[in-house]
Each structure stands twice: as C-alpha cells, then as structure tokens.
S.K.: 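Could you have a look at this structure, given as structure tokens, before my questions?
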Amino acid sequence: MKIGVMSDTHLTVPSDKLIEVIEGHFQDMDMIFHACDIVGEEVLKAFSGRDLRAVSGNMDSAALKDILPHKQVIEAGKFRVGLIHGAGAGACIEDKLMGEFEDVDCIVYGHTHSPANHLVDGVLLFNPGALVDRWYEKGGSVGILELNDTIKGTIIKL
C-alpha cells in the first residue's frame with residue numbers, strides 16, 4: 001500500500017503546484033493523507049476521486065474546521081496511523097503528539113513546515129514538510145508512506 005502525504009498547503013484555491021503533486025507524485029497512491037492547514041475548502045476539490053483523509057489545522061477556515069476532525073486514526077493494511085496537524089513550537093511538538101494517540105504504528109503530522117521521518121519508541125513520526133515555499137524550506141516538500149511488512153517514509157523535495 002502506498003500513501004501520499006502532504007501538509008501545510010496554505011491555499012484558498014488549488015494551485016498549479018498542488019495539482020502537479022496530486023497528478024504526478026501521488027497518481028498511483030492508494031490514499032492521500034493531508035495533515036492540514038489546507039486553509040480554504042475550495043482546495044478539497046483538487047482531491048476529487050481520490051481517497052483523501054484529512055484533519056483540521058490552526059490556519060483552516062471555519063468551514064473546514066466544521067467538516068474535518070481534529071485528529072483521526074486510520075487503519076491502513078495491518079497498521080494504525082494517527083493523523084493530526086499538531087500545535088506548539090520546537091522539539092516539544094513530537095512529545096505532545098505521542099500523547100495524542102494510543103496503539104498506533106505511525107503518527108503523521110504537519111504544522112512545523114519541517115520534514116521529519118524517524119522512529120520514537122517504535123512509532124514512526126512522519127511530517128512531510130510543507131507544500132508552500134518558505135524562506136527556510138525552499139521549494140517545499142511532500143511525502144510517501146509505503147506499508148508492506150513495515151512502514152517506510154520518504155520525503156520528496158519539490
């Protein structure tokens with residue numbers, strides 16, 4: 001199973017870059033996870049026909065916060081994946097996230113705009129970074145999770 005992962009698109013309408021990622025990097029994905037800060041609900045139309053799983057973030061519109069959960073656990077093959085945006089600053093964000101879920105194999109999050117892909121106490125913490133281009137993360141990034149016997153994360157620089 002392959003899952004495309006993105007976060008922090010910060011768009012009010014779909015951009016060319018978003019469409020390129022969905023139709024390019026994510027074209028053969030079984031699911032797409034969005035760890036939020038989508039911002040505008042119009043952006044959801046770009047994922048039409050895809051199995052999208054998304055949560056709300058701190059920058060999302062009130063309309064998105066009404067339709068998207070704060071967090072969720074997704075059964076993906078034999079694995080349980082926690083999906084959340086996250087909050088707070090610095091290294092302590094991952095400590096907080098570990099307390100948000102029980103019995104998960106992976107936690108997908110966003111908020112920091114910085115990619116992360118490492119194990120903590122046997123749980124894969126995966127942040128695809130941000131789709132948006134910021135001065136500290138030129139070009140942006142997304143990720144792919146491959147679920148077979150194990151979960152493997154890959155960060156893709158855009």
S.K.: Strictly by modelled atom types, are Y109 and E100 linked by a side-chain donor-acceptor pair under 3.5 Å?
M.R.: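 No donor-acceptor contact under 3.5 Å links the two side chains.
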S.K.: Test of understanding: clusters of I, L, V, M, F, W, Y form through side-chain heavy atoms closer than 4.5 Å, transitively. Do L145 and I156 belong to the same one?
M.R.: no
S.K.: Is there a side-chain contact between H34 and F47 (heavy atoms, below 4.5 Å)?
M.R.: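 Answer yes - side chains close enough.
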S.K.: Quick check for you: to the nearest 0.5 Å, what is the distance between R53 atom CZ and L68 atom CG?
M.R.: 13.0 Å
S.K.: How about I151 and F126: do any of their side-chain heavy atoms sit closer than 4.5 Å?
M.R.: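 Heavy-atom side-chain distance check fails, nothing below 4.5 Å.
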S.K.: Kindly indicate whether the side chain of E102, heavy atoms from C-beta on, has any atom under 4.5 Å from the side chain of R80.
M.R.: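 When only atoms from C-beta onward are counted, R80 and E102 do not touch, as no gap falls below 4.5 Å.
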S.K.: Are I144 and V21 co-members of a hydrophobic cluster defined by side-chain heavy atoms under 4.5 Å apart?
M.R.: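 Hydrophobic grouping puts V21 with I144.
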S.K.: Determine the minimum heavy-atom distance between L158 and G139, stating which atoms define it.
M.R.: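 Where L158 meets G139 most closely, the heavy atoms are CB-O, 3.3 Å.
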S.K.: Look only at the side chain of D60 and the backbone of V39, and say whether a donor-acceptor pair between them is shorter than 3.5 Å.
M.R.: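 At least one qualifying donor-acceptor pair exists.
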S.K.: I'd like to know whether I3 forms a side chain to side chain contact (heavy atoms under 4.5 Å, CB included) with L147, so could you lay out the CA-CA distance, the side-chain angles of the two residues, the decisive distance to 0.1 Å, and finally the verdict.
M.R.: CA-CA 8 Å; I3 301 169; L147 293 77; 3.7 Å; yes
S.K.: Going hydrophobic residue to hydrophobic residue with side-chain gaps under 4.5 angstrom, can you get from F79 over to F33?
M.R.: yes
S.K.: State, to 0.1 Å, how close V108 and V5 come at their nearest heavy-atom pair, and which atoms those are.
M.R.: CG1-CG1, 3.5 Å
S.K.: A side-chain contact here means heavy atoms from C-beta on lying under 4.5 Å apart; do D51 and I32 qualify?
M.R.: no
S.K.: Can you check whether M1 reaches K78 side chain to side chain, under 4.5 Å on heavy atoms?
M.R.: no
S.K.: Between the side chain of N127 and the main-chain N/O of G129, is any donor-acceptor distance below 3.5 Å?
M.R.: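 Judged by distance alone, yes, a pair lies under 3.5 Å.
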S.K.: Decide whether D37 and T9 meet the rule of one side-chain donor and one side-chain acceptor closer than 3.5 Å.
M.R.: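 No - no donor-acceptor pair under 3.5 Å links their side chains.
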S.K.: Looking at K17 and L131, what are the two nearest heavy atoms and their distance?
M.R.: NZ-O, 3.1 Å
S.K.: Is D16 atom CG crowded by more than 12 heavy atoms from other residues, nucleotides or ligands, each under 6.0 Å away?
M.R.: no
S.K.: Are E42 and T12 packed together at the side-chain level, in the sense that at least one heavy-atom pair is separated by less than 4.5 angstrom?
M.R.: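 Side-chain contact under 4.5 Å: no.
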S.K.: Is the side chain of R50 donor-acceptor paired with the backbone N or O of F26 at a distance under 3.5 Å, no angle test?
M.R.: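 Present.
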S.K.: Looking at residues at least two apart in the chain, or sitting in another chain, which of them share a ring pair (Phe, Tyr, Trp, His ring centres under 6.0 Å) with H85?
M.R.: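 Ring pair (Phe, Tyr, Trp, His ring centres under 6.0 Å) check on H85 returns H111.
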S.K.: Count I, L, V, M, F, W, Y as connected when their side-chain heavy atoms are under 4.5 Å apart, and connections chain through other members. Are V43 and L64 then in the same cluster?
M.R.: yes
S.K.: Other residues, nucleotides and ligands only: do more than 12 of their heavy atoms fall within 6.0 Å of CG on D28?
M.R.: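 Atom CG in D28 is packed in, count exceeds 12.
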S.K.: Is there a side-chain contact between L125 and N117, using heavy atoms and a 4.5 Å cut-off?
M.R.: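 Counting from C-beta outward, L125 and N117 never come under 4.5 Å.
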S.K.: So, for L18 and A46, which heavy atoms are closest and what is the spacing to 0.1 Å?
M.R.: CD2-CB, 3.9 Å
S.K.: If you round to the nearest 0.5 Å, how far is CD of E94 from CD1 of I107?
M.R.: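 Answer for the CD1-CD pair, I107 versus E94, is 9.0 Å.
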S.K.: If I compare all heavy atoms of H70 with all of S56, which pair ends up nearest, and what's the gap?
M.R.: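 The answer is CA-OG, 3.8 Å.
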S.K.: Assigning hydrophobic clusters by single linkage (Ile, Leu, Val, Met, Phe, Trp, Tyr; side-chain heavy-atom cutoff under 4.5 Å), is M29 placed with M31?
M.R.: no
S.K.: Might you point out which heavy atoms bring S141 and P128 nearest each other, and give the distance in Å?
M.R.: OG-O, 2.6 Å
S.K.: Is it the case that the side chain of E41 and the backbone of S61 share a donor-acceptor pair, with hydrogens and angles ignored and the cut-off at 3.5 Å?
M.R.: no
S.K.: How far does CD of Q27 sit from CD of E20, to the nearest 0.5 angstrom?
M.R.: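 Atom-to-atom, Q27:CD and E20:CD are 13.0 Å apart.
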S.K.: After noting the C-alpha distance and the side-chain angles of D8 and I38, does the key distance pass the side chain to side chain contact (heavy atoms under 4.5 Å, CB included) rule?
M.R.: CA-CA 6 Å; D8 297 281; I38 290 172; over 6 Å; no
S.K.: So V104 and V81, do their side chains get closer than 4.5 Å, heavy atoms only?
M.R.: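 Side chain of V81 against side chain of V104, heavy atoms only: no contact under 4.5 Å found.
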